[in-house]
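Here's the structure we're looking at; comments come further down.
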Amino acid sequence: MLEIKFLRENPEAVKASLRKRNWDEEALQVVDEAIALDAERRQLQTELDALLAESNRAAKEIGKLYREGRREEAEQLKQRVATSKAKSKELEEALERAKAGLEDKLLAIPNILHASVPEGKGEADNEVFQAWEGPLPDLGGDALPHWDLGTKYGILDFGLGAKITGSGFPVFRGKGARLERALISFFLDEAARAGYEEIIPPLLVNKATARGTGQLPDKEGQMYYVERDDLYLIPTAEVPVTNIYRDVIIDKPDFSIKMTGYTPCFRREAGAHGAEVRGLNRVHQFDKVEIVRIEHPDRSYDALEEMLDHVRGLLEKLELPYRILRLCGGDTGFTSALTYDFEVYAGAQRRWLEVSSVSNFETFQSNRLQLRFRDEKGKRHLAHTLNGSALALARIVAALLENNQTPDGIRIPAALVPYTGFDRIS
RNA sequence: GGAGGAGUGGCAGAGUCUGGUUUAUUGCACCGGUCUUGAAAACCGGCGUACCCGAGAGGGUACCGGGGGUUCGAAUCCCUCCUCCUCCGCCA
């Protein structure tokens, strides 16, 4: 959520950013509507405060009169104050309405895009920020996609998942399960080496937490919801991990907070079926190691660079062909100012699969989270939040299986062998 | 799940029974100052968050776990929810 103060002072900058997100002129009205509601809210606040100040004075006076035994005068004053009570109730309700209305408008406005975000309508317009220079794996015509490899070697079973739960809940078994666990450990160890504190958070979160990182209200439909307990299954570790710092004021200005967490992620993703979503390409439950950072606004873009380097390092150690996209205005997420996507090449499908999304949210999340820090003078400012996948497991497994298939089985990259305990799935 | 107890500022902890000079006592921590070669101690002063008004100085409002209510007035009384502690039950 943008700060109302920023909106008030920079309406044109906000509108320019919305245009870059391909909003039409009519939709831009929300900016002026928010500013109008804010003016109304401030007006009402001023009136209410004045009225309450008067009531407070009267209440004190009444107390004083009683103590002095001047009951008659006290009763008279009570009569007079009673009328202003109705008025203040009215004002209070009007103020609540204005605040709620303003909040609705603010929640509808996405983050301001970073200057480097390219123009564009959608996926096709994303900028290739770093292309893959090397050769793409040439597997020949009879290479198997990972879902067939999974069956062939008995390591992935989608039918079994469908039986136990439903479509989109794969079962890993044997060396497949072991490979999954090896990747999780590998990613966590790499993150630890890079200075990230490991977190094991709850997998179900309450409404306040889901709101904090922006899943509510904009992505409510994507989360599994446990009605009986009013809790949501997390769609990513970003949600519980970032919320560790909800309502926190960091005391020193030279902070840099780096956290990592492995969690299963649950996404309803009600969408298309077909080749694009076959196998592990898109599932309702997948494992992911996330990295989260909380940074001073002056340093957040340096941190973003570091995160890109970190993810690059992982993919190189896994020997996977990858490229980095800088998302265009039309494809950048609601809460993000700048997002880089990492894609790996899955040789049998001959497709690039998104395996990581690394974003700087600037103050968009921290405003909702009330996540602040004190500067050298003790003044409070919103911190910047960032996060990235490092990495999303399911599609990494898909690419590893496909690219490394040989007549003698599936080769495990050297960096992973210490974790799997085997160098081949056959 | 059942019974009981408790949630007050960064921390500790009073105030709640009996509503009103309580603009929440006190201590610790923290910041500034005096003293000191320096530090400690002592002493003096400061010390929350959000919003509104104001060029500023400053002023106002709200906040004692969350929400609602009673009242001219609520940390204090009532309702409700949450969390924690103790005991019981269930349980990996």
Side-chain angles (χ1 to χ4, degrees), chain A residues 1-9 34-107 200-212 216 226-232 240 243-255 257 264 363 365-383:
Chain A
M1 192 162 67
L2 294 176
E3 289 176 275
I4 183 59
K5 189 163 177 292
F6 181 83
L7 202 72
R8 202 154 67 208
E9 290 165 5
I35 291 171
L37 277 166
D38 177 52
E40 186 185 334
R41 167 196 140 254
R42 287 188 292 158
Q43 171 67 29
L44 288 166
Q45 181 82 63
T46 305
E47 283 177 41
L48 177 63
D49 283 358
L51 194 63
L52 288 176
E54 200 184 305
S55 301
N56 285 345
R57 272 195 301 275
K60 265 178 207 152
E61 181 65 19
I62 289 166
K64 194 173 155 218
L65 290 172
Y66 272 123
R67 275 192 307 282
E68 292 171 354
R70 297 152 73 181
R71 297 195 75 84
E72 199 69 8
E73 289 168 73
E75 291 300 332
Q76 282 173 17
L77 192 48
K78 261 199 209 179
Q79 295 296 316
R80 268 192 286 143
V81 174
T83 58
S84 79
K85 217 194 151 190
K87 174 77 179 157
S88 76
K89 183 109 187 163
E90 223 170 86
L91 274 172
E92 215 168 306
E93 281 166 7
L95 179 61
E96 284 316 307
R97 274 196 303 275
K99 277 184 174 171
L102 174 60
E103 167 128 334
D104 278 350
K105 300 294 177 192
L106 286 176
L107 286 174
I200 298 180
L203 305 181
L204 283 88
V205 295
N206 58 32
K207 279 201 160 70
T209 295
R211 277 177 47 85
L216 290 181
V226 182
E227 188 168 5
R228 185 168 176 157
D229 297 289
D230 197 19
L231 296 171
Y232 295 87
N243 269 276
I244 290 173
Y245 280 85
R246 172 155 50 89
D247 294 319
V248 168
I249 300 176
I250 299 161
D251 254 318
K252 43 185 200 291
D254 61 341
F255 67 99
I257 292 160
T363 61
Q365 288 184 328
S366 60
N367 186 34
R368 270 201 236 185
L369 289 163
Q370 286 301 294
L371 195 187
R372 290 160 293 169
F373 67 95
R374 287 185 202 281
D375 65 18
E376 290 79 358
K377 292 176 186 151
K379 210 165 148 7
R380 292 166 305 284
H381 307 272
L382 293 174

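By convention in this document, chain letters (A, B, ...) are assigned in the order of the sequence lines, proteins followed by strands, and residues within each chain are numbered from 1.
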Report task. List the protein contact pattern of nucleotides 74-84 of chain B with one symbol per nucleotide (5' to 3'): B for base contact, S for sugar-phosphate-only contact, - for none; contact means a heavy-atom distance under 4.0 Å. Result -> -----------

Query raised in the report: Could you run down nucleotides 50-65 of chain B 5' to 3' and tag each one B, S or - for protein heavy-atom contact under 4.0 Å?
Result: SSSS------BSS---

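With rounding to the nearest 0.5 Å, the separation of NZ in A:Lys99 from CD1 in A:Ile4 is 13.0 Å. Annotation: the span from A:Leu48 atom CG to A:Gln43 atom CD amounts to 11.5 Å, rounded to 0.5 Å. Distance check: A:Leu44 CG to A:Glu96 CD gives 10.5 Å after rounding to the nearest 0.5 Å. Between atom CG of residue A:Leu37 and atom CD of residue A:Glu103 there is a gap of 12.0 Å, rounded to the nearest 0.5 Å.
Not one side-chain nitrogen or oxygen of A:Arg374 sits closer than 4.0 Å to the OP1 or OP2 atom of B:rG48.
Sequence neighbours left out, not one pair with a member in residues 54-66 of chain A passes salt bridge (Lys or Arg N to Asp or Glu O under 4.0 Å).
Where A:Gly378 and A:Ile62 meet RNA chain B, the nucleotide closest to each residue was compared, and A:Gly378 sits on the side nearer the 5' end.
To the nearest whole angstrom, the two C1' atoms, one in B:rU70 and one in B:rA12, are 34 Å apart. Only the P atoms considered, B:rG15 is 13 Å distant from B:rC77, to the nearest whole Å. The same atom, C1', is picked in B:rG46 and in B:rG10; the two are 16 Å apart, to the nearest Å. Atom P of B:rG27 sits at a distance of 27 Å from the matching atom of B:rG66, rounded to the whole Å. Annotation: B:rA14 and B:rG4 have their P atoms spaced 24 Å apart (nearest Å). Look at the C1' atom in both B:rU71 and B:rC79: the space between them is 16 Å, to the nearest Å. Distance noted for atom P between B:rG20 and B:rG73: 15 Å (whole Å). Rounded to a whole angstrom, the distance from the P atom of B:rU76 to that of B:rA6 is 15 Å.
Inspection of the A:Glu75 and A:Gln79 side chains reveals no N or O donor paired with an N or O acceptor under 3.5 Å. Side-chain contact annotation: A:Asn206 with A:Thr209, donor-acceptor N/O pair under 3.5 Å present.
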Identify all pairs in which a protein N or O lies below 3.5 Å from an N or O of nucleotides 67-71 of chain B, and state each distance.
residue, atom, partner, partner atom, Å
B:rG69, OP1, A:Lys89, NZ, 3.2

With a cut-off of 3.5 Å and sequence neighbours excluded, list every side-chain donor-acceptor pair involving residues 86-94 of chain A.
residue, atom, partner, partner atom, Å
A:Ser88, OG, A:Lys85, O, 3.0

Throw together a table of side-chain donor-acceptor distances under 3.5 angstrom for residues 367-376 of chain A, partners on residues two or more places apart or in other chains.
residue, atom, partner, partner atom, Å
A:Asn367, ND2, A:Met1, O, 2.9
A:Asn367, ND2, A:Leu2, O, 3.3
A:Arg368, NH1, A:Arg211, O, 3.3
A:Arg368, NH1, A:Leu216, O, 2.7
A:Gln370, NE2, A:Asn367, O, 2.8
A:Arg374, NE, A:Asp251, OD1, 3.1
A:Asp375, OD1, A:Lys377, N, 2.8
A:Asp375, OD1, A:Gly378, N, 3.0
A:Asp375, OD1, A:Lys379, N, 2.9
A:Asp375, OD2, A:His381, NE2, 2.7

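Atom NE2 in A:His381 sits about 16 Å away from atom C1' in B:rU49, given to the nearest Å. As rounded to whole Å, 7 Å separates atom C1' of B:rC72 from atom CG of A:Leu77. Atom-to-atom, NZ of A:Lys252 to P of B:rC30 comes out at 16 Å; the value is rounded to the nearest Å. Atom NZ in A:Lys60 sits roughly 10 Å away from atom C1' in B:rU21 (whole-Å rounding).
Pairing of B:rA12, defined by two Watson-Crick or G-U wobble distances under 3.5 Å, is identified with B:rU26. In this entry B:rG1 has B:rC88 as its Watson-Crick or G-U wobble partner, both defining distances falling under 3.5 Å. Searching all strands for a Watson-Crick or G-U wobble partner of B:rC63 with both distances below 3.5 Å returns B:rG48. Searching all strands for a Watson-Crick or G-U wobble partner of B:rA74 with both distances below 3.5 Å returns nothing. The base-pairing partner of B:rC35, taking Watson-Crick or G-U wobble contacts with both distances under 3.5 Å, does not exist among the strands shown. Pairing partner, B:rG7: B:rC82, with both Watson-Crick or wobble hydrogen-bond distances short of 3.5 Å.
The 12-atom threshold is not exceeded at CD1 of A:Ile200, counting heavy atoms of other residues, nucleotides or ligands nearer than 6.0 Å.
Contact annotation: the side chain of A:Asp38 never approaches that of A:Leu7 to less than 4.5 Å [non-hydrogen atoms, C-beta and beyond]. The closest side-chain heavy-atom distance from A:Ile257 to A:Ile244 is not below 4.5 Å.
A side-chain donor-acceptor contact under 3.5 Å links A:Ser366 to the backbone of A:Ala383.
Counting any heavy atom pair closer than 4.0 Å across all strands shown, A:Arg71 reaches no nucleic acid atom.
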